[in-house]
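Here's the structure we're looking at; comments come further down.
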Amino acid sequence: MTLTELLVSMIVFSIAIGMVYSAVILTMQWSRETQQAADAVTELRQGLAQIDRQVRSGNVLFSPEDEDAWLTTCQDGGVGSNAGTCMRIFTQSNGDQKCVQWQIGPDPADATKRVLQTRSWETNWQTGGSVSAWNVVARDINFVMGTTPMPFTLEGASTPYKERMLRVHLEVMDERQNLPVEIDSSLTGRNTSYGYDSGQCEPVPGATVVVP
């Protein structure tokens, strides 16, 4: 083999190796993005299942429209909408009576992104009861005020549930296609007891209040 032939062979081999390497990198990147998208949807579904359990045993469902009076990070859907980015439940899920709050809020790790997070507190939190810290349930939530449907809407007298049905709309971004993946669900308080005082979960602890 002449020197010229050897050089040509080396160039062709280098090009082939480069093409194979690029294909491997693209495959790994696609697999990673696919897994991330699947993880985001799984987190969202797990969060929805948790909300469903709490609403199912919810003694009082509070209007998401009113939550911005307690937390500055909450946004409402307008007067009379019963909708907002936060919602609160007085629930007896797992036989444990407590107040639970959910919100679509800024990601603590990146303020440009949004997360689905929750916390809970005992009704006597001001006199010895506990208040949990916020727990992030799902990340990369897609929500744009005025463009995306409100995450939480309490259905009123227009339904047979008399303000005991919560409509939930949550979205996460599929980075591969740059499109949102949507989850819609209507949750009802089925295993509930009526006649509870709606003031059980008020006042609402401040956003940064944590009581062990």
Side-chain angles (χ1 to χ4, degrees), residues 47-109 111 114-139 141 143 145 149-157 159 161-170 186-212:
L48 183 62
Q50 192 174 343
I51 295 172
D52 181 38
R53 287 194 300 271
Q54 293 168 351
V55 169
R56 192 184 310 148
S57 299
N59 297 320
V60 182
L61 307 184
F62 298 86
S63 173
E65 180 187 339
D66 301 329
E67 293 303 282
D68 58 352
W70 301 103
L71 293 181
T72 58
T73 50
C74 297
Q75 296 173 287
D76 67 70
V79 177
S81 67
N82 262 1
T85 60
C86 303
M87 66 104 172
R88 186 166 28 114
I89 313 164
F90 178 45
T91 183
Q92 54 181 344
S93 176
N94 300 322
D96 180 22
Q97 289 191 356
K98 60 184 176 181
C99 305
V100 178
Q101 192 171 40
W102 290 80
Q103 76 161 324
I104 301 296
D107 189 335
R114 290 180 178 266
V115 296
L116 173 65
Q117 56 186 355
T118 184
R119 66 171 178 166
S120 64
W121 63 89
E122 296 175 322
T123 56
N124 65 334
W125 70 272
Q126 291 179 300
T127 57
S130 64
V131 180
S132 75
W134 287 101
N135 175 48
V136 174
V137 177
R139 298 185 183 276
I141 301 297
F143 176 76
M145 188 68 180
M150 277 294 176
F152 307 112
T153 303
L154 186 63
E155 297 290 355
T159 74
Y161 297 98
K162 303 296 183 184
E163 295 190 344
R164 299 185 70 80
M165 184 171 80
L166 182 73
R167 190 170 75 244
V168 181
H169 177 93
L170 300 172
S186 293
L187 313 176
T188 59
R190 298 185 289 277
N191 306 331
T192 61
S193 300
Y194 291 83
Y196 277 85
D197 180 5
S198 61
Q200 290 276 4
C201 292
E202 296 177 0
V204 176
T208 59
V209 172
V210 176
V211 181

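- Residues Leu116 and Ile141 approach most closely at N-CG1, 3.6 Å, considering heavy atoms.
- Side chains of Thr85 and Gln103: a donor-acceptor N/O pair is absent below 3.5 angstrom, by distance only.
- Between Leu61 and Met165, the closest heavy-atom pair is CD1-N, 4.2 Å.
- In this structure a side-chain-to-backbone donor-acceptor pair under 3.5 Å is present from Thr118 to Gln101.
- Using modelled atom types, one side-chain atom of Asn82 and one backbone atom of Leu154 make a donor-acceptor pair closer than 3.5 Å.
- When atom types are taken as modelled, the side chain of Trp134 and the backbone of Ala207 share a donor-acceptor pair closer than 3.5 angstrom.
- Between Asp107 and Arg114 there is no salt bridge, since none of the side-chain N atoms of the basic residue sits less than 4.0 Å from a carboxylate O of the acidic one.
- Using a 4.5 Å heavy-atom cutoff, the side chains of Ser120 and Ser132 are in contact.
- Remark: the Gln117 side chain and the Asn135 side chain contain no N/O donor-acceptor pair separated by less than 3.5 Å.
- Counting all heavy atoms, side chain and backbone alike, Pro64 lies closest to Met87 at CG-CB, 4.0 Å.
- Put simply, the side chain of Trp121 reaches to within 4.5 Å of the side chain of Cys201, judged on heavy atoms.
- Without hydrogens or angle criteria, Glu65 side chain to Ser81 main chain gives a donor-acceptor distance under 3.5 Å.
- A distance-only check finds no donor-acceptor pair linking the side chain of Ser93 to the backbone of Gln54 [under 3.5 Å].
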